[in-house]
Amino acid sequence: MTIIRGATTVAQDNKEEISFAVKELLDEVFALNDLQKDEVKGFVFSLTTDIHSYHPAKAARECGYDFAPLFAAIEPEINGGLKLCIRLMLLTELSDDRKAKHVYQKGAKNLRKDISEILNIALDGPAGSGKSTVAKILAKDYNILYLDTGAMYRACGLKALRLGIDTKDCEKVTEMLPLLDVKVEYKDGKQHTILDGEDVSLAIRENAVSMAASNVSAHPAVRIKMVEMQREIAGNMSCVLDGRDIGSTVLPNAKYKFFITADSKVRAMRRFKELQARGETVDFDKLHEEIKARDKQDSEREFSPLKCADDAVVVDTSTMDIDEVISTIKKHIQSKI
Ligand code: DC
């Protein structure tokens with residue numbers, strides 16, 4: 001008996017998602033192993049406890065995989081385990097010269113890093129373009145982590161502000177770097193930015209920190225340190241990264257690259273509403289000027305500027321709602337998977 005393993009995840013517990021994921025998984029298992037119907041002895045599925053809407057055996061039968069016994073069972077619930085996951089054990093008999101090729105798709109790629117490619121999605125664009133909203137939704141839907149690289153530059157800017165260092169002073173900021181301890185941790189799938197042991201996830205969102213982050217991010221030594229950390233994280237796990245230079249510098253070989261942009265007034269209005277909701281009082285025109293100044297500084301800096309990679313897909317969100325943006329991006333991703 002030969003066993004071929006497979007696993008995938010769904011973004012949501014609904015019939016369409018489950019049917020699509022089961023078909024996609026089985027199609028790839030069959031194509032990759034060049035399997036014929038009469039070689040298959042049975043299909044065994046297991047599901048995480050958060051899937052209730054549809055039976056994967058039924059989904060398999062409906063898309064033509066009805067020529068061998070089908071069975072499905074619920075897996076034990078494990079703390080910290082992968083969510084919304086469907087696993088497959090396909091029973092077959094392969095001749096000695098054929099080796100089973102296992103298939104791990106979507107979030108399940110995290111389960112078998114040894115055989116599946118790490119999924120990195122690079123999102124670049126100017127401030128307020130909607131990158132972080134898009135990144136959070138994609139990370140949730142694909143069951144992978146979201147790495148907010150701007151938060152790392154913000155933590156660096158915050159440290160300089162706290163130490164009373166002029167954030168534009170390259171020499172002084174570079175001297176501070178050996179003392180800078182920035183870490184990224186995840187709790188319940190959410191990124192927490194830790195500066196010198198303190199969770200600064202909220203403090204770094206204050207408007208005053210935005211320009212400081214842009215200032216420190218222009219210094220080469222800061223970028224080298226941050227890019228190294230980002231590559232290390234992205235090299236070890238599937239994630240969506242958002243920033244200014246992800247597709248061009250941090251991960252030039254990423255398979256999925258998007259440049260999210262929008263008119264500066266639209267972006268300023270988005271930030272205005274975001275800050276207002278957080279209780280910060282800001283003047284819209286001042287905010288608009290700040291956003292334009294930050295765009296200019298981020299795009300014109302000499303070292304690793306805000307840049308659309310040549311092979312990135314440009315998505316202008318000025319007149320799109322979030323659902324349209326997500327479906328545009330997902331269509332591109334699906335077409336390249
Ligand atoms: O995305 P954000 O507004 O949180 O980023 C804060 C600043 O950090 C931004 O003005 C430019 C800088 N940054 C960068 O230079 N490279 C990145 N990959 C991310 C952010």
Side-chain angles (χ1 to χ4, degrees), residues 9-12 80-85 105-111 113 116-156 182-195 199-205 209-210 213 217 226-251 254-261 270-271 274 278 306 309 312-313 315 317 322-323 325-330 332-334 337:
T9 54
V10 285
Q12 275 162 358
L82 198 56
K83 303 252 183 303
L84 295 168
C85 181
Q105 297 178 329
K106 307 220 177 82
K109 286 180 175 177
N110 285 333
L111 296 171
K113 294 194 181 78
S116 50
E117 133 197 29
I118 285 178
L119 172 67
N120 287 148
I121 304 174
L123 300 180
D124 289 302
S129 56
K131 304 183 298 287
S132 66
T133 310
V134 171
K136 281 178 201 151
I137 295 174
L138 289 179
K140 188 163 174 280
D141 287 0
Y142 288 115
N143 229 322
I144 59 181
L145 289 176
Y146 162 44
L147 178 62
D148 170 4
T149 64
M152 298 162 78
Y153 291 96
R154 283 173 179 268
C156 180
V182 177
K183 286 196 186 73
V184 167
E185 290 177 0
Y186 290 90
K187 285 186 203 129
D188 298 326
K190 263 205 188 135
Q191 175 173 327
H192 290 255
T193 309
I194 314 293
L195 172 65
D199 189 337
V200 292
S201 309
L202 273 181
I204 56 170
R205 295 292 144 204
V209 182
S210 300
S217 74
M226 298 300 163
V227 169
E228 198 182 316
M229 278 176 70
Q230 291 155 18
R231 284 192 182 141
E232 163 126 19
I233 295 171
N236 283 308
M237 63 190 192
S238 294
C239 55
V240 185
L241 296 88
D242 78 351
R244 304 291 189 285
D245 60 339
I246 310 297
S248 58
T249 305
V250 181
L251 301 174
K255 192 163 162 193
Y256 309 104
K257 295 182 185 178
F258 299 91
F259 192 81
I260 318 284
T261 183
R270 287 178 188 158
R271 268 283 145 96
E274 201 181 299
R278 235 184 281 137
L306 161 65
V313 175
V315 184
T317 68
I322 189 67
D323 291 342
V325 179
I326 295 292
S327 81
T328 306
I329 292 180
K330 281 190 173 174
H332 279 285
I333 294 178
Q334 285 309 127
I337 269 177

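The figures that follow rest on heavy atoms only: side chains count, while hydrogens, waters and symmetry mates do not.
- Side-chain contact between Leu147 and Gln191: present, with at least one pair of heavy atoms (C-beta onward) separated by less than 4.5 Å.
- Taking NZ from Lys106 and CG from Leu82, the interatomic distance works out to 12.0 Å, rounded to the nearest 0.5 Å.
- In this structure, Tyr142 and Val240 have side chains that are not in contact, with every pair of non-hydrogen atoms separated by 4.5 Å or more.
- With sequence neighbours excluded, the residues satisfying side chain to side chain contact (heavy atoms under 4.5 Å, CB included) with Arg231 are Val227, Thr249, Val250.
- Counting heavy atoms from C-beta on, the side chains of Phe258 and Val134 never come closer than 4.5 Å.
- In this structure, the side chains of Leu123 and Ile246 stay at 4.5 Å or more apart for every pair of heavy atoms.
- Shortest non-hydrogen contact noted between Ala151 and Thr193 is CB-OG1, 3.5 Å.
- Distance CG/Leu195 to CD1/Ile204: 9.0 Å, rounded to 0.5 Å.
- Partners of Asp245 according to the side chain to side chain donor-acceptor pair (under 3.5 Å) rule, which considers only residues two or more places apart in sequence or in another chain, are Arg223, Ser304.
- Looking at every heavy atom in both residues, Ala122 comes nearest to Ala254 through CB-CB, 4.4 Å.
- For the atom pair CG of Asp323 and OG1 of Thr328, the computed distance is 10.5 Å after rounding to the nearest 0.5 Å.
- Residues that satisfy the side chain to side chain donor-acceptor pair (under 3.5 Å) test with Glu274, not counting sequence neighbours, are Arg278.
- In this structure, Ile121 CD1 and Lys257 NZ are separated by 13.5 Å, a value rounded to the nearest 0.5 Å.
- For Arg271, the side chain to side chain donor-acceptor pair (under 3.5 Å) criterion is met by no residue, not counting sequence neighbours.
- For the pair Met226 and Thr149, the minimum side-chain heavy-atom distance is 4.5 Å or more.
- Leu145 is linked by a side chain to side chain contact (heavy atoms under 4.5 Å, CB included) to Tyr186, Met237, Cys239, counting only residues two or more places apart in sequence or in another chain.
- Two residues are said to be in side-chain contact when any heavy atoms from C-beta on lie closer than 4.5 Å; Ser129 and Phe259 fail this criterion.
- For Thr133, the side chain to side chain contact (heavy atoms under 4.5 Å, CB included) partners at least two apart in sequence or on another chain are Ile137, Ile322.
- Among all heavy-atom pairs drawn from Ile260 and Pro126, the shortest one is O-CD, 3.3 Å.
- Partners of Arg154 by salt bridge (Lys or Arg N to Asp or Glu O under 4.0 Å), not counting sequence neighbours: none found.
- Remark: Lys190 engages His192 in a side chain to side chain contact (heavy atoms under 4.5 Å, CB included) (not counting sequence neighbours).
- Counting all heavy atoms, side chain and backbone alike, Ser238 lies closest to Lys109 at OG-CB, 4.4 Å.
- The stretch residues 128-152 participates, sequence neighbours left out, in these salt bridge (charged side-chain N to carboxylate O under 4.0 Å, His left out) pairs: Asp141-Lys330, Asp148-Arg205.
- Looking at residues two or more places apart in sequence or on another chain, you find a side chain to side chain donor-acceptor pair (under 3.5 Å) between Ser201 and Asp199.
- The shortest distance between side-chain heavy atoms of Leu119 and Tyr256 falls below 4.5 Å.
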